[in-house]
**Q** 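After the structure tokens below, expect a handful of questions from me.
Every chain is numbered from 1, with letters handed out A, B, ... down the list of sequences. The analysis underlying the following values was restricted to heavy atoms, covering all of them including side chains, and did not include hydrogens, waters or symmetry mates.
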Protein chains: 2
Amino acid sequence: MTEQAFFVLTALVGEPRHGYGIVGEVAELSGGRVSLRVGTLYGVLDRLVAEGLVEPDREEVANGRLRRYYRLTERGRDELATEADRQAANARAAVARLRAWRPGEAT
Amino acid sequence: MTEQAFFVLTALVGEPRHGYGIVGEVAELSGGRVSLRVGTLYGVLDRLVAEGLVEPDREEVANGRLRRYYRLTERGRDELATEADRQAANARAAVARLRAWRPGEAT
DNA sequence: GCACTATATATCGGCATGCGACATATGCAT
DNA sequence: ATGCATATGTCGCATGCCGATATATAGTGC
């Protein structure tokens with residue numbers, strides 16, 4: 001799973017969001033580290049829908065502008081949890097190695 | 001940074017390794033979750049060398065077979081540490097959200 | 001002797017993905 | 001009127017992953 005897809009899923013946890021809202025939410029919850037571009041968003045969203053991790057929720061018109069909402073599926077939630085564990089494990093593996101071999105302490 | 005590049009850097013922490021050795025090391029330290037393919041390896045390695053995160057170490061001939069070793073640079077080590085923090089933070093953000101909204105507790 | 005496997009290097013082409021640029025449209029402020 | 005924030009979406013380029021392929025040596029099984 002790509003980092004962008006990972007953050008889209010995370011942004012959708014709890015409540016459905018529309019495309020533009022996801023962009024803002026991703027920027028916020030990543031602390032600005034990841035800026036999801038619109039050119040990326042719809043491609044990612046289409047793929048996630050095709051994989052059954054996300055599904056269309058509803059359409060709203062707010063202030064004359066269309067809002068298309070998406071929500072996380074049960075499977076999307078599970079996949080996200082699995083992926084989060086993976087990432088955490090990867091980070092742990094790297095940190096453990098970096099600690100084991102301090103500079104100048106090469107085997 | 002891609003997951004493959006991340007694992008190549010991790011595999012090189014502490015001691016220089018040759019290409020084929022990196023493949024085995026990555027498989028081991030990822031618990032089999034990531035299988036780095038040879039078609040991927042050399043591309044990743046070239047990019048890391050170009051970015052100054054990895055550099056050629058030495059060449060050896062063992063059992064009539066050439067072994068080309070690579071080692072992690074100071075910058076490579078720093079980048080890996082930064083990336084590991086990023087991954088850990090991403091995982092934490094996702095887990096925190098998943099815990100906050102349990103199934104059926106939607107806002 | 002011959003086939004197969006493991007070790008070890010490297011290249012090539014197809015496919016997926018990320019993203020800048022662009023297109024379109026509304027409401028609000030200047 | 002001009003521009004900005006909001007909101008949707010498309011297109012093409014560049015990057016990156018990986019299967020397939022090529023080359024070469026040493027050891028094992030038949």
**Q** Report yes or no: does A:Arg33 contribute a side-chain atom to a donor-acceptor pair with the main-chain N or O of B:Ala89 at less than 3.5 Å?
**A** no
**Q** Output yes when A:Arg67 and A:Glu59 qualify as a salt bridge under the 4.0 Å nitrogen-oxygen rule, no when they do not.
**A** no
**Q** Between B:Thr73 and B:Arg71, does any side-chain donor sit less than 3.5 Å from a side-chain acceptor?
**A** no
**Q** Using atom OH of B:Tyr20 as one end and atom C1' of D:dA24 as the other, report the distance to the nearest whole Å.
**A** 14 Å
**Q** Could you pull out the closest heavy-atom pair between A:Arg75 and A:Glu51, with the gap in Å?
**A** NH1-O, 3.0 Å
**Q** Calculate the interatomic distance between B:Leu66 atom CG and D:dA24 atom P; express it in whole Å.
**A** 14 Å
**Q** With 3.5 Å as the limit, what N/O pairs link the protein to nucleotides 26-30 of chain C?
**A**
from: C:dT26; atom 1: O2; to: A:Arg65; atom 2: NH1; distance (Å): 2.8

**Q** Under 4.0 Å between a side-chain nitrogen and a carboxylate oxygen: does that hold for B:Glu25 and A:Arg97?
**A** yes
**Q** Any donor and acceptor pair, going by atom type alone, linking the side chain of A:Arg17 with main-chain N or O of A:Ala11 inside 3.5 Å?
**A** yes
**Q** For A:Glu28, I'd like to know if atom CD has over 12 heavy atoms of other residues, nucleotides or ligands within 6.0 Å.
**A** no
**Q** Rounding to an integer number of Å, can you tell me how far B:Arg68 CZ sits from D:dT25 P?
**A** 16 Å
**Q** Within this structure, what is the CZ-to-C1' distance between B:Phe7 and D:dC18, rounded to whole angstrom?
**A** 17 Å
**Q** In whole angstrom, give the distance that lies between atom CE of B:Met1 and atom P of D:dC17.
**A** 11 Å
**Q** When you compare the side chain of B:Val49 with that of B:Glu55, does any pair of heavy atoms fall below 4.5 Å?
**A** no
**Q** Looking only at the side chain of B:Gln4 (C-beta and beyond, no hydrogens), which of the listed nucleotides C:dT9, C:dA10, D:dC18 gets closest?
**A** D:dC18
**Q** Does a salt bridge link B:Arg86 with B:Glu79, judged by any charged N lying under 4.0 Å from a carboxylate O?
**A** no
**Q** What's the OH-P distance between A:Tyr69 and D:dT8, to the nearest Å?
**A** 9 Å
**Q** What is the separation between atom NE2 on B:His18 and atom P on C:dT7, rounded to the nearest whole Å?
**A** 10 Å
**Q** Using a 4.0 Å cut-off on heavy atoms, which residues in residues 34-60 of chain B reach DNA chain C? List them by number, or say none.
**A** B:Val38, B:Gly39, B:Tyr42
